[in-house]
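Below you'll find the structure, written out as structure tokens, and then a few comments.
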Amino acid sequence: MANSKLVPRIMTVGAAQMGPIARSETRASCVERMLVMLREAARKGCQLVVFPELALTTFFPRWYMTDWREVDAFFETEMPNAATAPLFAEAKRLKIGFYLGYAEKTPDGHRFNTAILVDTQGAIVGKYRKIHLPGHAENEPQRPFQHLEKRYFEPGDIGFPVWRTMGGILGMAICNDRRWPETYRVMGLKGVEMLVLGYNTPAINGSALVHSAPEPEHLRQFHNHLVMQAGAYQNSTWVVATAKAGFEEGCSLIGGSCIIAPTGEIVALARSVADELIVADCDLSLCTYGKETVFAFSKHRRIEHYGLIASQTGTIEPA
Ligand code: CDV
């Protein structure tokens, strides 16, 4: 009997990389830039567009702030809201779904680094709150710039859900999550076929001075792709990754937005560090091969040996 999972299911997807966002830039201006790329995506036949992490403001965790009113100016208390309503309306009119990263403050005062997935009818189908928060919680003046995600956000409290939507099984992650194999594997165990994520990655490691570790920019880009190509291959899923890139408020952010096939191959790659849309026709049925052969989890995983992964956080070396 023919395997129905091998029937092609093409989803045309865009990664809408954004160049720098100045601290003074308004949300309306950011949304206007997104609308330009959304319309280009429509012309190119996209059903889904992926915007970056924290796409509505500058990457504010680079500043140490003690006035929480100043901090809260970077957060959204509802979604959609007045600033993002034009994005929701235009995407619905064009029948394009989208991923949008933003800083979320809940009605009971919790702050998260959040992304939502909106379907082609304009409905929010899913929310994800970043789990692997990098950086630090207190001012560290020895750094060339701060990375205070641990100060401004709580770790996500939703886990790694996936959703059956827009013709596939989709999941979300945010930036640093992409460096952790657990992110992909938890969603892999739920059958993910396309993992979408946004990122803000400084071109230099801010803690390198502390550790005297040389990490030139080419390594930052190499690691960006290395982890996502491995995650895609080992879980036989598409990965769509969108940067906020370029020289933002004195800090250089890498580009390298890309679309990665379930084989681990990059099939579309941004060339600039500015606003740039890249597009690929992603056949979700291509996930089937890996999921049913080398990475047929139910046949080959040996969970009796994996207990430590979910019971121990740090390394314990032998005596
Ligand atoms: N926004 C991020 O999560 N950035 C991290 C940096 C700080 C390492 C990243 O993983 O790219």
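Just so you know, ligand 1 is whichever comes first in the structure, and atom 1 is the first atom listed for that ligand. One-based numbering along the sequence shown.
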Pair up each side-chain donor or acceptor in residues 47-56 with any protein partner under 3.5 Å, not counting sequence neighbours, and list the distances.
from: Gln47; atom 1: OE1; to: Thr12; atom 2: N; distance (Å): 3.1
from: Gln47; atom 1: NE2; to: Gly45; atom 2: O; distance (Å): 3.4
from: Glu53; atom 1: OE1; to: Asn200; atom 2: N; distance (Å): 3.0
from: Glu53; atom 1: OE1; to: Asn200; atom 2: ND2; distance (Å): 3.1
from: Glu53; atom 1: OE2; to: Asn113; atom 2: ND2; distance (Å): 2.9
from: Glu53; atom 1: OE2; to: Lys130; atom 2: NZ; distance (Å): 2.8

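Listed by chain and number, the hydrophobic cluster partners of Val279 are Leu277, where partners are ILVMFWY side chains within reach of under 4.5 Å, directly or through others.
Protein residues having a heavy atom under 4.0 Å from any atom of ligand 1 are Glu53, Phe59, Lys130, Pro134, His147, Glu149, Cys175, Asn176, Arg178, Arg179, Asn200, Thr201, listed by chain and number.
Using a 4.0 Å cut-off between a side-chain N of Lys or Arg and a carboxylate O of Asp or Glu, Arg143 and Glu140 qualify as a salt bridge.
Applying the salt bridge (charged side-chain N to carboxylate O under 4.0 Å, His left out) test to residues at least two apart or on different chains, the pairs with a partner in residues 283-302 are Arg302-Glu304.
No close placement of the Tyr184 and Phe160 rings is indicated, their centers lying 6.0 Å or farther apart.
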Practice task
Assess whether side chain to side chain donor-acceptor pair (under 3.5 Å) is satisfied between His223 and Gln221, documenting all intermediate values.
Solution key: CA-CA 5 Å; His223 294 151; Gln221 190 59 263; over 6 Å; no
